[in-house]
K.L.:
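Below: one structure in structure tokens.
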Protein chains: 2
Amino acid sequence: MARTAGSHSADTAPRIRAAAQRLFAQHGYAAVSMRQIAAEVGVQVGALYNYTSDKQSLLFDLMVVHLEDLLDALPEPDTAAGPMQALDEFVRFHIRFHAARPEEVFIAYMELRNLSPENFAAVESLRRLYEDRLTAILDAGQARGVFRVADTRVATMAIIAMLTGVNTWFRETGRLSLSEVEAIYGDMTRRLVAG
Amino acid sequence: MARTAGSHSADTAPRIRAAAQRLFAQHGYAAVSMRQIAAEVGVQVGALYNYTSDKQSLLFDLMVVHLEDLLDALPEPDTAAGPMQALDEFVRFHIRFHAARPEEVFIAYMELRNLSPENFAAVESLRRLYEDRLTAILDAGQARGVFRVADTRVATMAIIAMLTGVNTWFRETGRLSLSEVEAIYGDMTRRLVAG
DNA sequence: GTCTATAGTCTGATAGAC
DNA sequence: GTCTATCAGACTATAGAC
């Protein structure tokens, strides 16, 4: 595959993605200029528009890929194992996945209002699919009498908020290891829903 | 008290505050211009600088006043009543206070990275004081054997994240009333820490 | 206290050379 | 595919008239 004249690097596209992600997470979408992104990549601003139609779709792509990765990576519950183990697996997965991607998570939560209405709707429906996976676990546990929850939808929102909150304070170099944190949150979540 | 020549309204200051709060919450600090704020108030942009030294201190003031109000409004635990009741009161207070101030809460969480380093430190120390109030309740309950928590600091962060998350989905016109929500979260929190 | 005018800089996006 | 140059407008903050 011959390079087009003037092409200096075959992987400009992922480098633009990475630069946008880093800068959006650090300064916020609205505060970052296309020129800043170009400088981080090492190209001039005009070159960015070979890879993205505009700044908005740079943000939208980051969010969609993140949420699609999240949905793809979430393990299917082992129906033979029961709801309690499914819940435990969800908790550990959520914490591990989110701790590994602090920038993506930050952007996905903080920049929702900078999406166009259509893009916002698309992102929200992906997020809703993820929430539904936890609600299904809670409903199954409730039906079998393993869980006793006043409202599975409210419990879903409560648990996800609690788990995602880990990203606001957890540091690799901190007092607790990630697996200790997983264990503590696993315990808290079990107690939250136990029948 | 005579009006200065050219003064059209004695309460321009609070109207600037209100406009900044509304616009920052809706569009984000970085996306809002001083001209937009001035237009919302009904003055020209130059007039704003009679009331604020710059855009940054507009944001900082909103956050500080919000957090000071929060700390002032938080009831002192009734030491005779015991930790379980203190926890319940904290939960209900937190949900009620935050539900009543969605804009302030949104700004206080989303715009931290737009604070200057000194302003960020000041805001973080106020937030820390609030967190400490919950940690103290958990420590007291732990000491008396009423609570059984693996780590009171982690439980503090988990509970506050869970409670604050209510603001992302609760609507006055929704399926549940605010007092129903308070009751559900009160129950979940008790189970989270129960000994 | 509010106005208008302005300084100096930055913005997203495009056109056309190479 | 990347570059330079450019458009048309917006930005924060200030100065000085009233």
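Each chain gets a letter, A, B and so on, in the order the sequences are listed, and its residues count up from 1.
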K.L.:
As a quick check of understanding, evaluate salt bridge (Lys or Arg N to Asp or Glu O under 4.0 Å) for B/Arg153 and B/Asp132, giving each step before the final call.
P.N.:
CA-CA 9 Å; B/Arg153 195 67 205 165; B/Asp132 288 348; 3.1 Å; yes

K.L.:
For B/Asn50 and D/dG16, what is the distance between atoms CG and P respectively, to the nearest whole Å?
P.N.:
16 Å

K.L.:
Taking atom C1' of D/dA13 as reference, at what distance in whole Å does atom CD of B/Gln56 sit?
P.N.:
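Rounding to the nearest Å, CD of B/Gln56 and C1' of D/dA13 are 15 Å apart.
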
K.L.:
Looking only at side-chain atoms of B/Asp54, point me to the closest of D/dA13, C/dT2, D/dC3.
P.N.:
D/dA13

K.L.:
Are A/Val154 and B/Val181 packed together at the side-chain level, in the sense that at least one heavy-atom pair is separated by less than 4.5 angstrom?
P.N.:
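No - every pair of side-chain heavy atoms lies 4.5 Å or more apart.
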
K.L.:
Tabulated below should be each protein N or O lying under 3.5 Å from an N or O of nucleotides 6-11 of chain C; please produce it.
P.N.:
{"unit_1": "C/dT11", "atom_1": "OP1", "unit_2": "A/Ser33", "atom_2": "OG", "d": "3.1"}

K.L.:
Please give, in whole Å, the distance from D/dA13 P to B/Ile37 CD1?
P.N.:
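Going from CD1 in B/Ile37 over to P in D/dA13 covers 10 Å.
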
K.L.:
Parallel, tilted or perpendicular: which one describes the rings of A/His98 and A/His66, with boundaries at 30° and 60°?
P.N.:
perpendicular

K.L.:
Figure out the OH/P separation between B/Tyr51 and D/dA13, and round it to whole Å.
P.N.:
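Value for this atom pair: 18 Å.
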
K.L.:
For the side chain of B/Tyr49, counting heavy atoms from C-beta on, which of C/dC3, D/dC3, D/dT14 is nearest?
P.N.:
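Nearest to the side chain of B/Tyr49 among the choices is D/dT14.
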
K.L.:
When you match B/Gln44 and A/Ala30 each to their closest nucleotide on DNA chain C, which lands nearer the 5' end?
P.N.:
B/Gln44

K.L.:
Could you tell me whether the side chains of A/Thr52 and A/Ser57 share a donor-acceptor contact shorter than 3.5 Å?
P.N.:
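Note: A/Thr52 and A/Ser57 side chains meet the donor-acceptor criterion.
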
K.L.:
Rounded to whole angstrom units, what separation is found between the CG atom of A/Leu23 and the P atom of C/dG12?
P.N.:
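The answer, rounded to whole Å, is 12 Å.
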
K.L.:
In whole angstrom, what separates B/Ile16's CD1 from C/dG1's P?
P.N.:
11 Å

K.L.:
Is it the case that B/Asn114 and B/Glu111 place a side-chain donor and acceptor less than 3.5 Å from each other?
P.N.:
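Note: B/Asn114 and B/Glu111 side chains meet the donor-acceptor criterion.
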
K.L.:
Please state whether the phosphate of D/dG1, meaning OP1 or OP2, lies under 4.0 angstrom from any side-chain nitrogen or oxygen of A/Thr12.
P.N.:
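No, no such contact exists.
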
K.L.:
Could you check if a side-chain atom of A/Tyr51 sits within less than 4.5 angstrom of a side-chain atom of A/Leu58, using non-hydrogen atoms only?
P.N.:
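Answer no - side chains too far apart.
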
